[in-house]
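Hydrogens, waters and symmetry mates are skipped; everything else that's a heavy atom, side chains included, is used. We count residues from 1, following the sequence as given.
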Amino acid sequence: LSLNENTIEHFSKLWLRNYFINLKLVIQRENTGLLFKESLNLKNKSVLFVGASPVLEDEINLIKKSLDKVFLISSDTSASFLLNQGVIPDLILSIDSGRG
């Protein structure tokens, strides 16, 4: 098996189990929900993704000036810096690129 096939075989039951646990939590909690394209306020806005970058500090003023024109998606790695600068992302995206 390839590494990808081996990973899927090894973790698929755990992923499915975690999916249903998280779905149950979303349904039970009042402050969480499911995200659909229709639920995003994207009318007349561009999407701006901000990730951790060596030039992020240099670009913060441009980001601040653009907030009314963009739907701001932040990586989890840049969210702390943005929040410390008074910039509240519309969405924070966290992806674990590790195995499983």
(request) Report yes or no: do Leu56 and Ile92 belong to one cluster of Ile/Leu/Val/Met/Phe/Trp/Tyr joined by side chain heavy-atom distances under 4.5 Å? (result) no

Nearest 0.5 angstrom please: [X] [atom1] to [Y] [atom2], how far?
X: Asn18; Y: Phe11; atom1: CG; atom2: CZ; result: 10.5 Å
X: Gln85; Y: Ile63; atom1: CD; atom2: CD1; result: 9.5 Å
X: Phe81; Y: Ser75; atom1: CZ; atom2: OG; result: 12.0 Å
X: Asn44; Y: Phe71; atom1: CG; atom2: CZ; result: 14.5 Å
X: Lys24; Y: Ile21; atom1: NZ; atom2: CD1; result: 8.5 Å

(request) Spell out, as yes or no, whether a donor-acceptor pair under 3.5 Å connects the side chain of Ser78 to the backbone of Val50. (result)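 Checked: pair present.
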
(request) Using modelled atom types only, decide if a donor and an acceptor are shared between the side chain of Ser66 and the backbone of Leu62 within a distance under 3.5 Å. (result) yes

(request) Considering non-hydrogen atoms only, spot the tightest contact between Phe49 and Leu93 and give its length. (result)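 Of all heavy-atom pairs spanning Phe49 and Leu93, the closest is CE1-CD2, 4.3 Å.
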
(request) Would you indicate whether the side-chain heavy atoms of Val47 and Val70 approach each other to under 4.5 Å? (result)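 With C-beta onward as the side chain, the pair stays apart.
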
(message) Set out, in order, the CA-CA distance, both residues' side-chain angles and the distance that settles side chain to side chain contact (heavy atoms under 4.5 Å, CB included) for Val87 and Ile60, then state yes or no.
(response) CA-CA 9 Å; Val87 175; Ile60 192 64; 4.0 Å; yes

(message) Between Ser12 and Leu16, does the side chain to side chain contact (heavy atoms under 4.5 Å, CB included) criterion hold? Intermediate values first, please.
(response) CA-CA 6 Å; Ser12 62; Leu16 187 61; over 6 Å; no

(message) Exactly one of Leu72, Leu82, Leu83, Leu67 should register a side-chain contact (heavy atoms from CB on, under 4.5 Å) with Ile88. Which one does?
(response) Leu83

(request) Inspect the surroundings of CD in Glu57 and state if more than 12 heavy atoms from other residues, nucleotides or ligands are less than 6.0 Å away. (result) no

